[in-house]
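Remember, it's 1-based here, ligands and their atoms both numbered in the order they're listed.
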Amino acid sequence: MRNIRLGVNIDHVATLRNARGGTHPDPMRAVKIIQEAGADGVTIHLREDRRHIQDQDVKQITQHSTLPVNLEMAANGEMVNIACDLKPNAVCIVPENRAEVTTEGGLLIAGQEKKLAPFIQQLKENNIRVSLFIDPHPREIEAAGNVGADIVELHTGGYCDATLLNRDKKLNDLMVAAKLADKLGIEVHAGHGLSFDKVAPVAAIAEVKELNIGHFIIGEAIFSGLENVIKEMLYIIRKASK
Ligand code: PXP
């Protein structure tokens with residue numbers, strides 16, 4: 001049986017905390033529940049505008065989490081230095097646009113290799129695995145291989161937002177991209193917009209090793225509790241990935 005991993009993105013625990021400027025709800029408490037519920041990793045995004053996760057959260061979580069930590073960040077000197085200092089297990093490089101509500105599209109690597117390669121090299125020299133968040137496009141997979149990425153995280157937003165008519169095509173794009181990445185020796189992750197209803201076909205793609213899911217899990221936790229939601233998500237993805 002393929003042991004697909006679930007990384008839980010807890011940015012929006014921090015969003016809620018920051019709404020009142022205090023300490024509750026505490027993202028570190030969420031990390032403990034995520035572990036107890038059986039998930040495999042914790043994901044946090046340190047945005048340049050610090051709208052949810054703060055520097056202090058990254059410090060606390062990388063120091064005290066017993067689960068592997070995946071730090072999402074933009075490719076710039078400030079973020080790379082923070083990562084090399086705090087040493088998460090993995091960094092996922094994402095495009096960042098200050099005005100966006102969430103990460104809107106994948107990174108455009110093709111054409112940006114010269115800018116990205118030194119950052120990737122610095123992270124790898126610090127024993128941090130490097131993932132690139134990209135749209136499921138063969139050109140971007142090949143470019144990810146050329147700049148030395150260990151992992152590609154395929155953006156599933158296009159599939160999740162597709163109309164019923166278009167969903168099979170979008171799923172097929174993910175399948176083709178996953179196959180190509182695997183053939184090139186790049187580990188395949190996927191995420192963005194996944195929910196109980198949409199996750200199974202993505203979990204069923206044989207090459208996908210890890211899913212990163214945030215907004216739906218944290219939102220649904222308001223109604224059912226974080227531990228219950230994670231257990232249900234794990235049940236769905238493990239059943240689909242058998
Ligand atoms: N993966 C990446 C690279 C992301 O940027 C995000 C959103 O922060 C996610 C996964 C999780 O997406 P969602 O919150 O829609 O589940």
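- E72 and T43 form no side-chain donor-acceptor contact under 3.5 Å, judged by distance and modelled atom types alone.
- The pair E36-K32 does not meet the salt-bridge criterion, since no charged nitrogen lies less than 4.0 angstrom from a carboxylate oxygen.
- Set against the non-hydrogen atoms of V94, the atoms of ligand 1 under 4.0 Å away are 3 (C).
- By the 3.5 Å distance cut-off applied to N or O atoms, G193 is counted among the residues near ligand 1.
- Heavy-atom contacts of N9 reach the following atoms of ligand 1: 8 (O) (cutoff under 4.0 Å).
- Counting the atoms of ligand 1 from 1 in the order shown, those under 4.0 Å from a heavy atom of H215 are 13 (P), 14 (O), 16 (O).
- Using a distance-only test at 3.5 Å, with no hydrogens or angles considered, no donor-acceptor pair links the side chain of D150 to the main chain of R129.
- Remark: side-chain polar atoms of N18 are paired, donor with acceptor, to backbone N or O of R51 under 3.5 angstrom.
- Between D197 and R167, none of the side-chain N atoms (NZ, or NE/NH1/NH2) sits under 4.0 Å from a carboxylate O, so this pair counts as no salt bridge.
- For a threshold of 3.5 Å applied to N or O pairs, the pair formed by N212 and ligand 1 contains no separation below that value.
- Side-chain atoms of N228 come within 3.5 Å of backbone N or O of S224 as a donor-acceptor pair.
- The distance criterion of under 3.5 Å between nitrogen or oxygen atoms is not met by H45 with respect to ligand 1.
- Close N/O approach between I213 and ligand 1 is not found [any backbone or side-chain N/O within under 3.5 Å].
- At a 4.0 Å heavy-atom cut-off, ligand 1 touches E72 through the side chain alone.
- Of the heavy atoms in H155, none comes closer than 4.0 Å to ligand 1.
- Checking side-chain atoms of Q112 against main-chain N and O of L108 turns up a donor-acceptor pair under 3.5 Å.
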